[in-house]
Amino acid sequence: MPELPEVETTCRGIAPHVSGRLVARLAVHNPRLRWPVAADLPEWAQGQRILGVGRRAKYLLLTLERGHLMLHLGMSGSLRVLPVNTARETHDHFDLEMDSGWTLRFNDPRRFGSLARIEGDPAAHPLLRELAPEPLEPGFDGHYLHRITRRRRVAIKQALMNSRLVVGVGNIYASEALFRAGIRPGRAARSLTVQECARLARTVRQVLTTAIRHGGTTLRDYVSAEGKPGYFRQKLYVYERAGQPCRRCGTLIRQRRQGQRSTYYCPNCQS
DNA sequence: ATGGGCACCTGGCTGC
DNA sequence: TGCAGCCAGGTGCCCA
């Protein structure tokens with residue numbers, strides 16, 4: 001599922017419902033996620049106040065009084081705000097019930113998502129400490145992109161999806177940013193000029209920002225905290241458009257495999 | 001240091 | 001109708 005825009009949309013959607021609330025109960029219905037949910041997590045979370053919610057890369061971080069809860073939506077996860085008594089559905093994994101009578105409900109068919117506790121500084125956590133800077137924060141620009149790709153022989157598309165180089169960009173937005181920058185996904189990362197890196201940094205930011213404005217992209221499973229799909233799919237230029245005409249020049253969009261993932265591009269607009 | 005490939009899952013679709 | 005095969009928004013880990 002979820003790349004940065006979908007996680008950010010979820011984060012903004014749940015924030016007004018969770019900030020300041022007390023955790024009435026953490027009910028784990030199915031602990032089998034990417035890592036099993038720790039058995040003592042419910043006891044630990046219960047009664048703590050939720051001080052705020054944030055995002056780092058594709059992780060959601062709930063700040064509690066005595067630590068953080070770290071959530072990942074994996075490929076197919078979604079987090080919704082529902083009345084506590086709402087009937088459960090298949091693949092509902094846990095409920096973070098609040099004193100307001102509402103619950104944060106996590107559903108994840110493919111079970112690549114996760115829920116874990118962090119004690120101490122989240123930035124020092126093993127899953128977070130090696131992450132690259134945020135693409136929507138100052139400092140992510142052409143110079144940064146140019147510098148970190150100098151010794152990279154991998155394709156630029158794979159470099160964009162490497163969370164040690166750039167965070168938040170997954171399979172959809174990597175293809176889309178490269179289209180908007182006019183750069184072929186198969187180019188060696190180190191072959192990009194400063195100008196191309198500047199263009200690409202701009203389109204990465206642009207495509208993520210615009211997607212957030214449209215509530216993200218829904219292909220199959222993703223829904224926001226309110227249960228609504230994202231509408232950015234209608235704005236996609238290349239992703240899942242193989243064989244269809246390019247929306248800029250009419251040339252047929254091509255699909256190829258890169259690192260076991262599908263990549264889409266326009267052979268005329270991108271070089 | 002870098003990069004390739006696999007693993008973890010379920011479900012939906014295609015084609016025989 | 002059934003079933004095999006393939007594909008899907010992520011990413012940690014092992015190996016070369």
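Labels below follow one simple rule: chain letters A, B, ... track the order of the sequence lines, proteins then strands, and each chain is numbered from 1.
- Among the atoms of the strands shown, only primed sugar atoms or phosphate atoms (P, OP1, OP2) are found under 4.0 Å from some heavy atom of A/Tyr59.
- A straight line from CH2 of A/Trp35 to P of C/dG12 spans 6 Å, rounded to a whole angstrom.
- With C/dC7, C/dG10, C/dG12 as the choices, the nucleotide that has an atom nearest any side-chain atom of A/Arg257 turns out to be C/dC7.
- Using a 4.0 Å cut-off between charged nitrogen and carboxylate oxygen, A/Glu134 and A/Arg56 count as a salt-bridge pair.
- Between A/Arg233 and A/Leu219, the closest side-chain pair of non-hydrogen atoms falls below 4.5 Å.
- Protein atom OH of A/Tyr264 is 9 Å distant from nucleotide atom C1' of C/dC7, rounded to whole Å.
- You'll find the side chain of A/Asp92 reaches within 4.5 Å of the side chain of A/Glu89, heavy atoms only.
- Between A/Asp40 and A/Arg117, at least one side-chain N (NZ, or NE/NH1/NH2) sits under 4.0 Å from a carboxylate O, which counts as a salt bridge.
- For A/Thr263 against A/Gln258, the heavy-atom pair with the smallest separation is OG1-OE1, 2.8 Å.
- Taking the ring centre of A/Tyr237 as origin, the terminal cationic atom of A/Arg248 falls inside the region bounded by 6.0 Å and 45° from the ring axis.
- In this entry the distance linking NZ of A/Lys58 with C1' of C/dG10 reads 6 Å, nearest Å.
- Residue A/Arg151 places no side-chain N or O under 4.0 Å from the OP1 or OP2 atom of B/dA1.
- Rounded to an integer number of Å, the gap from OH of A/Tyr239 to P of C/dA8 is 6 Å.
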Distances under 3.5 Å only, N/O to N/O: pair up the protein atoms with those of nucleotides 6-10 of chain B.
residue : atom : partner  : partner atom : Å
B/dC9   : O3'  : A/Arg111 : NH2          : 2.9
B/dC9   : O2   : A/Arg110 : NE           : 3.1
B/dT10  : OP1  : A/Arg111 : NH2          : 3.0
B/dT10  : O4'  : A/Pro109 : O            : 3.2
B/dT10  : O3'  : A/His91  : NE2          : 3.3

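- Note that the CG atom of A/Leu96 and the CE atom of A/Met98 stand 6.5 Å from one another [nearest 0.5 Å].
- Mapped onto DNA chain B by nearest heavy atom, A/Thr90 and A/Arg153 fall at different nucleotides, with A/Arg153 at the one closer to the 5' end.
- Between A/Tyr222 and C/dA8 there is no side-chain polar atom (N or O) within less than 4.0 angstrom of OP1 or OP2.
- Here the side chains of A/His17 and A/Leu104 are not in contact, with every heavy-atom distance at 4.5 Å or above.
- A close approach under 4.0 Å does occur between a side-chain nitrogen or oxygen of A/His72 and OP1 or OP2 of C/dT11.
- Spacing between atom CE of A/Met161 and atom C1' of B/dG3 amounts to 15 Å, rounded to whole angstrom units.
- If you take atom P in C/dC3 and the same atom in B/dC9, they sit 23 Å apart, rounded to whole Å.
- One interatomic measurement links the two molecules: CD of A/Glu130 to P of C/dT11, which rounds to 15 Å at whole-angstrom precision.
- Closest contact between the side chain of A/Val154 and the listed nucleotides B/dG4, C/dA8, C/dT11 involves B/dG4.
- Pairing for C/dA16 goes to B/dT2, judged as Watson-Crick or G-U wobble with the two contacts each under 3.5 Å.
- Separating the CD atom of A/Gln158 from the P atom of B/dG4 is a distance of 6 Å, rounded to the nearest angstrom.
- A distance of about 23 Å separates the P atoms of C/dT11 and B/dA1, rounded to the whole Å.
- In this entry the distance linking CZ of A/Arg261 with P of C/dC6 reads 18 Å, nearest Å.
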